[in-house]
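Just so it is clear: chains get the letters A, B, ... in the order the sequence lines come, proteins before strands, and each one is counted from 1.
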Protein chains: 2
Amino acid sequence: MTYCVGIRLNAGLVFLSDSRTNAGLDAISTFRKMMIYEQPGERFMVMLSAGNLSISQSVREVLQVEKIDNGTEEGLTIWNATSMFDATRVLGAAVRRVYEQDGAALKNAGVDFNASMIFGGQIKGEAMRLFLVYSAGNFIEATRETCFFQVGESKYGKPILDRVLTPATALDEAAKCALVSMDSTLKSNLSVGLPLDLLVYREGSFQSDEIACLDEHNPYFRMIHSTWGQRLREVFESIDDPRWDGGDAAHPLMVKSARYEPMRKITKPSERIV
Amino acid sequence: MTYCVGIRLNAGLVFLSDSRTNAGLDAISTFRKMMIYEQPGERFMVMLSAGNLSISQSVREVLQVEKIDNGTEEGLTIWNATSMFDATRVLGAAVRRVYEQDGAALKNAGVDFNASMIFGGQIKGEAMRLFLVYSAGNFIEATRETCFFQVGESKYGKPILDRVLTPATALDEAAKCALVSMDSTLKSNLSVGLPLDLLVYREGSFQSDEIACLDEHNPYFRMIHSTWGQRLREVFESIDDPRWDGGDAAHPLMVKSARYEPMRKITKPSERIV
């Protein structure tokens, strides 16, 4: 399994990926899932990948040289695309090329053609953009309303992203949010594991040096891991327990619903409750 | 979809279920998923169900009268079982009876025989027990190490349960924890919905009056919903953002891993990074 998250904010982009892969529970390995494509001052792109590792590694390899016929000699590539939309079309074409090569054999072996990618960045002359690419090579783009994408084991870590992120969130705060989201995922799913790759891109910079690999010794991630769990429990304890009798505005009662009855009890075999 | 959680503590049992069912996104209904079986002073059992609604409704109906041949005239039923293990065997037999009746036709229609149930309670002469019953009628029991079960959309709400619950947790605190877990699930998955059924059972009581149906007007759940989200954001804001330069013990730096290099950048088509 895998957990990757990509976030598009007004101030920039944040990417975070884990590095665990597994083929069953008894074949766990470390493979990093972030690729960075940079022409300083011209274009900056990041890909995070989830799914079958043989597919995503092939997609990476193909992507570097994939071209879509556009009537020119060199064709449309991620290196000359003038928009992130076009660059993402090239990624889609790379996925389809791998499907052409491997899809039938995988199907014969009973293996799904399973791959998904987060692909985002900025090309000079355009705003930053963030895409989610599916295994058919089709894709969707993040908007102001939905400013992040997740691939892999996304559910454990989604609530904190839902609660915190808006396009106005500051970059470092969003990086923190992604790390908290990752921490919850690591705690609940063994198939997601350290080290983590974190990248922060600032709008209009067309390069980034804020790239870190975080393992179990990283002081910041250790702080997040211990502090978040502890404060979460403190907050939890600070909220009143339910009260079944009495109660006032400050300590609300667990009163029953005005519309629905509490569940009735069945007390013998023949009793019907509908 | 559905979200149900059952918790076994030293002090008692907690059960919480939502009430949304859906057949596709355009056929959403309210069906409650908690059944309570009570013979005051003798036995108290609760079932929460997830999966195909036609299956779980049939299982409910069959369970009330299901019997396993034990050489006696009346057979082994949930009403005369002397252990929760035996009562759960009866539930497993009810699931298998529904499978015999409907399994082949469902398979012909391309529908999985999809059902899972949390079943727990106490029978006089025995400690409280909590089981998770699968669609094949087999089951597992909660232990001190794993004191809760979830069925349905379990992932969004699992991190808070993992962080808070131990067998020593107080009953009302566990009820609060289940409601926080439900709140996170409701926020992230449209196919889980109000009203909620909550039941708290105190050890050795063989009955319960702490049964509530919580809809959107319930003051306690409203308090949980607004307070938890707000305090979570406050805690989140109270944690330092990552710092990419400087840093000290109190404000740890986002230093790189000692073992792993940060991801390198690809700057031209022919570059190889392994």
**Request:** In sequence, state the C-alpha distance, the side-chain angles, and the governing distance for A:Lys158 and B:Lys187, and then conclude on side-chain contact (heavy atoms from CB on, under 4.5 Å).
**Result:** CA-CA 10 Å; A:Lys158 188 163 184 285; B:Lys187 186 159 177 60; over 6 Å; no
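- Scanning all heavy atoms of the two residues, the minimum distance from A:Met223 to B:Asp240 falls at CE-O, 4.0 Å.
- For B:Gln39 against A:Thr267, the heavy-atom pair with the smallest separation is CG-O, 4.0 Å.
- If you take CG on A:Leu232 and CZ on B:Arg231, they are separated by 12.5 Å, rounding to the nearest 0.5 Å.
- Judged by the 6.0 Å distance and 45° axis criteria, A:Lys176 is positioned over the aromatic ring of B:Phe236.
- Counting heavy atoms from C-beta on, the side chains of B:Leu171 and A:Asp241 never come closer than 4.5 Å.
- Looking at B:Arg32, only its side chain comes within 4.5 Å of chain A, counting heavy atoms on both sides.
- Here the shortest heavy-atom pairing between B:Pro269 and A:Gln64 reads O-NE2, 2.9 Å.
- The CD1 atom of A:Ile239 sits 10.5 Å away from the CG atom of B:Leu179 when rounded to the nearest 0.5 Å.
- Of the two parts of B:Arg163, the backbone and the side chain both hold a non-hydrogen atom closer than 4.5 Å to a non-hydrogen atom of chain A.
- In this structure, chain A has no heavy atom under 4.5 Å from any part of B:Leu63.
- For B:Leu190, the CG atom is loosely surrounded, since the number of other residues' heavy atoms within 6.0 Å does not exceed 12.
- A 4.5 Å side-chain heavy-atom check between B:Lys265 and A:Asp209 finds at least one atom pair inside the cut-off.
- Residue contact with chain A, scored on non-hydrogen atoms closer than 4.5 Å, is absent for B:Glu66.
- A distance of 9.0 Å separates CD of B:Glu234 from OG of A:Ser238, quoted to the nearest 0.5 Å.
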